[in-house]
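Accompanying notes for the structure given below.
Just so we're clear, the structure is a prediction, and the values are computed from it rather than from any experiment.
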Amino acid sequence: MFKKVLIANRGEIAVRIIRCCRELGIVPVAVYSEADLESLHVRLADEAVCVGPAPSTQSYLNIQAIVDAAQRTKAEAVHPGYGFLAENAEFARAVTAAGLNFIGPTPEAMELMGSKTSARRVAVEAGVAIVPGTVEPLSSAEEALETAEKFGYPVMLKAAAGGGGKGMRLVNAKADLVSAFETASAEAAAAFGDASLYLEKAVETPRHIEIQIFADQQGNVVHLGERECSIQRRHQKVVEECPSPINDAGLRQRMGEAAIKIALAVNYTGAGTVEFLLSDITREFYFLEMNTRLQVEHPVTELVTGFDLVREQFTVAAGHVLSFTQEDICWLGHAIECRVYAEDSQNNFFPSPGTITHLQEPSGPGIRIDSGVRRNSEVSLHYDPMVAKLAVWARTRVEAIDRLRRALDEYEVMGITTTLPFFREIVRNEEFIAGRLDTGFIGRLNEQRERDPPAADPGELVDIALIAAALQYASSQSHGANTQALPTANRWKLSGRTAMLASGQVINQRADRPVNWRKL
Ligand code: MV4
């Protein structure tokens, strides 16, 4: 096994990988930007190297600085995590050229999957169904018109260099195609430096289901089942679960086999994910794209299969055979993950940077938190706003939802606004509870909210220290009839929800169970 590994990432995934290094006896080396000196991943590593100023283009995306850091610290391998350089073939080549091990697939496999049209050709050659459409980029708006006519509206225009839905356009009718083509290619050019688009027939009421695969350098390829990722907001996954609520063993096996065919076709090694669109109506599934990295949502697969995917990444990168075969894999219970973002979900998901002044994470049975922050952490605007992932495991989906609701209500964050209220709404939503998770779920949730605004956020924190101080002040002034009846708080947890009154009574302020001060 490697003795020392550099982790070319930050936040919760850097922490996740460092923890795995510890379990394997590997010395973890962190990298950080000037904005991240105080961050959790730097604290947890044995050594850390500054790779540049705060903007990620000058630090976490600086290939030369990261390779230099690995060489200087005498690391033997580089783990890219997800995002940043994780799917950058040039980075993988630079790491290998420096005599280091890249923990991931070959640059060739990354390139074959990085181009979404090339990935579609690979799938066709491997005998896996793709969403009907083109397998070469469109050369003009005219060609797009002809092709759309052939496949029939509605169609999707997607960026060939893209992925994850960036630069994607749904076109319902011929009249809208040319303008959609122009805006989508401009968006693709700006985002990926490549304006080329391809076209797919739009799948009606689709669900996003992906298969986790794993391959070693000896040619063994296995699948670890599916994750349901249909709850997305602006093409960002919000909630992920394993198994899919509509899973049955037959579907899992067929999708798993299709994913393995694709992995074999590109001589894949390491952890990878093959994404499918599944039509809720026809139950047919189609290859969408392949992600050549460890995914954000890998914990739900780990919770249900029991395997440590990061550990397995180290194992196969070091040249060992996978520690398990397909027959060893079984799925027990149900896991659900929520991505906690520093965004104001009650204000159009506006970014909410700042300092975390109070943090009390849920714990107890079946709870897993993958967090990149702690109290006093600074959440800056420079990076992805995801601060933590909350994952729960239970025997059944119903029990997992009960547990998730409990965990979300227990979760206390102050100083920044998070998307926790949004999740507290989702876990109480009838459609979610029933497992009706097609692509329209978030849209319907928004419409419903407008018609029928939810009651107070059940987990909302009231800064009771301020309330208590105000009460104390008011009663010391003892003027005004209204304040006379109010109790005096003599002790309180700073920035918490708990206050102790002069009488010794302890109150826990919650928005859904407001304290009736007059009765106290
Ligand atoms: C689609 C689609 C319908 N038809 N492709 C691709 C990337 C992902 N972030 C969303 N993608 C979609 N691709 C065709 N041909 C619908 C979506 C889609 C979606 C899919 C699953 C779950 C939620 C979604 C939300 C918006 C769009």
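- Legend: residues meeting side chain to side chain contact (heavy atoms under 4.5 Å, CB included) with Ser196, ordered by chain and number and at least two apart, are Pro137, Ala160, Asp194.
- Each salt bridge (charged side-chain N to carboxylate O under 4.0 Å, His left out) pair with one or both residues in residues 122-136, not counting sequence neighbours, appears once here: Arg121-Glu136.
- One side chain, His41 or Ser39, offers a donor N or O that lies under 3.5 Å from an acceptor on the other.
- Listed by first and then second residue, the ring pair (Phe, Tyr, Trp, His ring centres under 6.0 Å) pairs involving residues 12-33 amount to none (not counting sequence neighbours).
- In the displayed structure, Arg395 atom CZ is contacted under 6.0 Å by at most 12 heavy atoms of other residues, nucleotides or ligands.
- Annotation: side chain to side chain contact (heavy atoms under 4.5 Å, CB included) contacts of Ser115 (sequence neighbours excluded): Thr117, Ser118.
- At a cut-off of 3.5 Å, with distance as the only test, a side-chain donor of Ser323 or Glu312 sits close to an acceptor on the other residue.
- In this structure Asp46 satisfies the salt bridge (Lys or Arg N to Asp or Glu O under 4.0 Å) test together with Arg22, sequence neighbours excluded.
- Legend: residues meeting salt bridge (Lys or Arg N to Asp or Glu O under 4.0 Å) with Glu361, ordered by chain and number and at least two apart, are absent.
- Among residues at least two apart or in separate chains, side chain to side chain donor-acceptor pair (under 3.5 Å) pairs with a member in residues 257-270 are Gln253-Glu257.
- Under the rule for a side chain to side chain contact (heavy atoms under 4.5 Å, CB included), the partners of Thr147 that lie at least two apart in sequence or sit in another chain are Thr134, Leu138, Glu143, Phe151, Leu199.
- Note: Phe349 and Phe422 meet the aromatic proximity criterion, with ring centroids under 6.0 Å apart.
- Residues forming a side chain to side chain donor-acceptor pair (under 3.5 Å) with Asp36 (at least two apart in sequence, or on another chain): Arg10, Tyr60.
- Every residue meeting the side chain to side chain contact (heavy atoms under 4.5 Å, CB included) condition with Ala317, not counting sequence neighbours, appears here in chain and number order: Phe2, Ile103.
- Summarising the local packing, CD of Glu38 is surrounded by 12 or fewer heavy atoms from other residues, nucleotides or ligands at distances under 6.0 Å.
- His79 and Gln313 form a side-chain donor-acceptor contact under 3.5 Å, judged by distance and modelled atom types alone.
- For the salt bridge (Lys or Arg N to Asp or Glu O under 4.0 Å) test, residues two or more places apart in sequence or in another chain that qualify with Arg16 are Glu302, Asp308.
- Within the structure, salt bridge (charged side-chain N to carboxylate O under 4.0 Å, His left out) pairs that include any residue of residues 158-168 comprise Lys158-Glu200 (at least two apart or interchain).
- A donor-acceptor pair shorter than 3.5 Å cannot be found between the side chains of Glu228 and His208.
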